[in-house]
Amino acid sequence: MATGSSAPSAPAPPGSGEKSHLFNFTGISANKAGMGADRKLVADFVYEKSKNSQYTQHQLELDAKQQARAELVAKELRIAEARMSEIELLSERRKIEAELEALEKHRDLSRTHCVVDMDMFYAAVEIRDQPSLASKPVAIGGLGMISTANYVARLYGVRAAMPGFIAVEMVRNPAAIGSKMPPDELVFITPNFAKYTQVAMETREIFRQYDPHFRAMSLDEAYLDLTDYLAAHGVSAEAAVQEMRDRVKARTGITCSAGIGPNRMVAKIASDERKPDGQSQVLPTREAVLEFMDRLPVRKLPGCGKVLENQISIMLGVQTCAELRAAAARVKRAFQGRKTCSFLMRACLGLSSDELAEEGGEVGNVARKSLSCERTFRAESEPAELRGRLRDLCRQVSEDMAASVPPLAGRVVALKTKASSFEVRNKQISLIQPVGFSPNFGKGGEDGREHAEQETARVTQELYKLLEPVLEEQFPCHLRLMGVRVSSFRDQRATLDKGQQLISFFQSKGSEQQEGPSAGAGPDNLNTGMPKPQIQEANVIDLDSSQEDQRDKSRDPPVQSQSLPKGCLKRVVERLASRRAKRIRLSGVCCPVCGVRVPEDQANRHVNAHYGDQ
DNA sequence: ATACATACC
DNA sequence: CACTGGTATGTAT
């Protein structure tokens, strides 16, 4: 299993005992090494602590399934290759060379992208506000799950996404995981998301000055296109980013790391190189990019997680991007007909999908596509209790839909359940009429609040009525989690921020452009390597008319932009811009997590709601 | 189209 | 005490 440099390509011998799967699923891998602790010992330790849990049993099943599949494909590959003649192999080789050559056409070295990542963000904020913690092992989260660990805790092998109760044991018993640290007690801190959000706003104020269209991926990570800034100020990327990081540190007291590169993928990977409190640049030449990519383990490619890494290892015997490139022909055969194939081919050349997007006119869609709420709880069988939880979830989803701008209505609702065995089920219902709020919801006058409550209750009830029978189908059941999701929104664009991105695109590109908004505004395609559906101008028109016109257009086919009269788009953009300005004056602050605009006095509550009000 | 699995922070 | 939550997307059926 590809669990690290120790055993790069050895497939797990079937039936060789419980450690054979040496935790593919811990995700501890080439790039996720815990400093100061031995990876393998950490994996063993975690395994020992949890091998009898339902969780682990379930993970082992998934793991085994995945492993068997990879081995099957590997076997078929070997057979197919054995059957190929020299001539066939040669012609295939030539074909691949040509394809790689063709991909070079998409290489764009003209832009400078930057990814900024705050160092151990939540922990850094807490330690800033309580400096006595600095020397102690600190984890943000609880016994169930850790979201961030400081560097002291990392010396004990503690990492984000690790269950807290295991982390406690590791800190108490560092020798067991090969750490030379003295035994200690892990300090837990309950996350304070409102505070982290406040700090994130401060960093974003700074980011905005370097790229007004920067994209925040989370509270602690942002993608910037520095090209215009550098041209305007005549400074080097290195200097600009250093200055930006200095300003972030001065303003927030927290360090960050950054990567600079000719596209978002390269910048993202580079941001990991000199962490913490460092920056790294990949120069905009083909040679520099290839040299950088070549030594990279494939696992470092955003989008290549532990499963794909393992597949690549088992099926191709490949660990690094250089090997991946050399094995392009086999990559193609192994993943033929799958998006993964083109993703890998481009990625190993250091090509980011945003380059393709610009070239091909395919664009990233920045609108939200689904809204959901899920809760884990102590496993429960009682129907009345489960129904109550379902109703709570429906209420929460309804409130979040109401708080969206515009208020949401969706044609698909889904119930997710996780049994105490960790088996997950999803059941979705497609509707003719969307469930949710009218686009005009929330614009009421004096009786606005009362009406809002009434409508929210109505939507809650509609969701519940749809999903309760779905839950019923599963009785008797023993559940540890339920979740409610709404998608296929009537309004494709969901947040104010994204609306502003639309405007900026149209303004910069001019009114006769036929494509949607530039993918340069966000890293939407970064992980998948694939273009997302476009936002057509039709959506903008729809948005506009939705103000005056309540007809439900959700079932109408998308209007082709070609059918729009000349000059129409420009007017739409202007009207949109003026409405935006009005809304900004009228209504509170923009949630930095979801982009939804909420009244100022509800901002904290709203932000915390994203995280379950912890 | 639906369900399930993977990935990211 | 006991392995998250929200969103997107890829893959299989």
Side-chain angles (χ1 to χ4, degrees), chain A residues 24-27 46 49-50 52-59 61-63 65-66 69 117-118 121-122 140-148 160-169 191 193 196 216-222 268 299 301-311 335 337-343 364-379 393 396-397 400 411-412 414-416 418 420 422-430 480-481 483-488 494 523-533 593-595 609-614:
Chain A
N24 212 358
F25 68 74
T26 56
V46 172
K49 287 294 163 194
S50 58
N52 295 321
S53 68
Q54 299 266 49
Y55 172 82
T56 299
Q57 291 311 309
H58 182 252
Q59 287 304 318
E61 277 169 33
L62 290 181
D63 221 24
K65 217 185 282 180
Q66 184 270 126
R69 221 193 115 61
D117 193 83
M118 302 300 291
F121 186 48
Y122 302 166
I140 309 303
L143 287 172
M145 186 53 60
I146 289 172
S147 60
T148 318
M162 179 178 276
F165 69 93
I166 288 174
V168 169
E169 303 273 320
F193 289 103
Y196 312 147
M217 290 303 283
S218 62
L219 290 183
D220 73 338
E221 189 180 72
K268 164 72 175 162
R299 181 64 168 86
L301 298 173
C304 180
K306 63 194 168 90
V307 171
L308 183 55
E309 175 194 37
N310 189 233
Q311 286 177 355
F335 296 99
R338 274 176 280 188
K339 312 222 172 195
T340 310
C341 179
S342 55
F343 160 67
N365 178 351
V366 289
R368 183 219 287 263
K369 294 190 179 65
S370 72
L371 186 157
S372 65
C373 179
E374 68 185 51
R375 285 286 97 96
T376 295
F377 43 85
R378 207 175 63 202
L393 291 167
Q396 190 59 57
V397 167
D400 290 350
R411 283 171 34 241
V412 173
L415 177 72
K416 170 178 173 178
K418 190 191 282 178
S420 56
F422 283 85
E423 189 193 355
V424 176
R425 298 175 65 166
N426 274 285
K427 174 86 180 181
Q428 74 180 50
I429 302 174
S430 296
R480 75 184 325 272
L481 172 148
V484 170
R485 192 182 71 245
V486 179
S487 54
S488 287
D524 303 83
N525 297 332
L526 183 75
N527 294 338
T528 63
M530 293 311 292
K532 295 183 178 183
V593 182
C594 68
H610 284 294
Y611 308 96
D613 251 336
Q614 295 170 59

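A note on names: the letters A, B, ... follow the listed sequences, proteins ahead of strands, and every chain is numbered from 1. Computed from a prediction, not measured in an experiment: that's the story for all the values here.
- Taking 3.5 Å as the limit, the base of dC3(C) and the side chain of Ser50(A) contain a donor-acceptor pair of atoms between them.
- Rounded to whole Å, the C1' atom of dA2(C) lies 25 Å from the corresponding atom of dA7(B).
- Of the side-chain N and O atoms in Lys427(A), one or more sit less than 4.0 angstrom from OP1 or OP2 of dA3(B).
- Among the heavy atoms of the strands lying under 4.0 Å from Ile166(A) is at least one base atom, whether or not backbone atoms are also near.
- Remark: P of dC3(C) and CG of Asp63(A) are 19 Å apart, rounded to the nearest angstrom.
- A search for ring pair (Phe, Tyr, Trp, His ring centres under 6.0 Å) contacts involving Phe121(A) returns nothing, not counting sequence neighbours.
- In this structure, the CD1 atom of Ile140(A) is 18 Å from the P atom of dT4(C), given to the nearest Å.
- Nucleic acid contact class of Lys416(A) (heavy atoms, under 4.0 Å, all strands): none.
- Using a 4.0 Å cut-off, no side-chain N or O of Arg69(A) falls inside it from OP1 or OP2 of dT11(C).
- Residue Glu374(A) contributes atom CD, which lies 9 Å from atom P of dT4(C) at whole-angstrom precision.
- The nucleotide whose nearest atom lies closest to any side-chain atom of Gln66(A) is, among dT11(C), dA3(B), dT6(B), dT6(B).
- Among the heavy atoms of the strands lying under 4.0 Å from Ser430(A) are primed sugar atoms or P, OP1, OP2 only; no base atom is included.
- For the pair Leu308(A) CG and dT6(B) P, the interatomic distance rounds to 11 Å; values are reported in whole Å.
- At the phosphate of dA2(C), neither OP1 nor OP2 sits under 4.0 Å from any side-chain N or O atom of Arg480(A).
- The distance from atom OH of Tyr55(A) to atom P of dA2(C) is 16 Å, rounded to the nearest whole Å.
- Phosphate proximity of dA12(C) to Arg338(A): present, with a side-chain N or O under 4.0 Å from OP1 or OP2.
- In this model, the phosphate group of dG5(C) is approached by a side-chain N or O of Thr376(A) to a distance below 4.0 Å at OP1 or OP2.
- For Asn426(A) and dG10(C), the CG to P distance is 17 Å, given to the nearest whole Å.
- Summary of the strand contacts: Glu221(A) and Lys65(A) both lie near DNA chain B, and taking for each the nucleotide with the nearest heavy atom, the more 5' one is attributed to Lys65(A).
- Proximity note for Ser218(A) (side chain, C-beta onward) versus dC4(B), dC9(B), dT4(C): the nearest is dC9(B).
- Counting non-hydrogen atoms of neighbouring residues, nucleotides and ligands closer than 6.0 angstrom, the CD atom of Gln57(A) exceeds 12 such neighbours.
- Considering only the side chain of Asp220(A), dC9(B) comes nearest among dC9(B), dC3(C), dA3(B).
- Shown here are the side-chain contact (heavy atoms from CB on, under 4.5 Å) partners of Lys418(A), two or more places apart in sequence or in another chain: Phe422(A), Val424(A), Arg480(A), Leu481(A).
- Proximity of Lys268(A) to the phosphate of dC8(B): no side-chain N or O atom is located under 4.0 Å from OP1 or OP2.
- For Arg425(A) and dA3(B), the shortest distance from a side-chain N or O to OP1 or OP2 is not below 4.0 Å.
- When the nucleotides dC3(C), dA8(C), dA3(B) are ranked by their closest atom to the side chain of Phe165(A), dC3(C) comes out on top.
- For dT7(C), the OP1/OP2 oxygens have a side-chain nitrogen or oxygen of Ser372(A) closer than 4.0 Å.
- Ranked by how close their nearest DNA chain C nucleotide is to the 5' end, Phe335(A) and Ile146(A) are led by Ile146(A).
- When each of dG5(C), dA5(B), dC9(B) is scored by its nearest atom to the side-chain atoms of Leu481(A), the top-ranked nucleotide is dG5(C).
- In this structure, the nucleotide among dC3(C), dG5(C), dT11(C) sitting nearest to the side chain of Thr340(A) is dT11(C).
- Within the 3.5 Å criterion, the main-chain N or O of Ser53(A) finds no donor-acceptor partner in the side chain of Ser50(A).
- Considering only side-chain atoms of Lys306(A), the nucleotide from dG10(C), dG5(C), dA7(B) that sits closest is dA7(B).
- Closest-nucleotide positions on DNA chain C for Ser370(A) and Met145(A) were compared, and the one nearer the 5' end corresponds to Met145(A).
- In this structure, Lys339(A) places its NZ atom 16 Å from P of dA8(C), rounding to the nearest Å.
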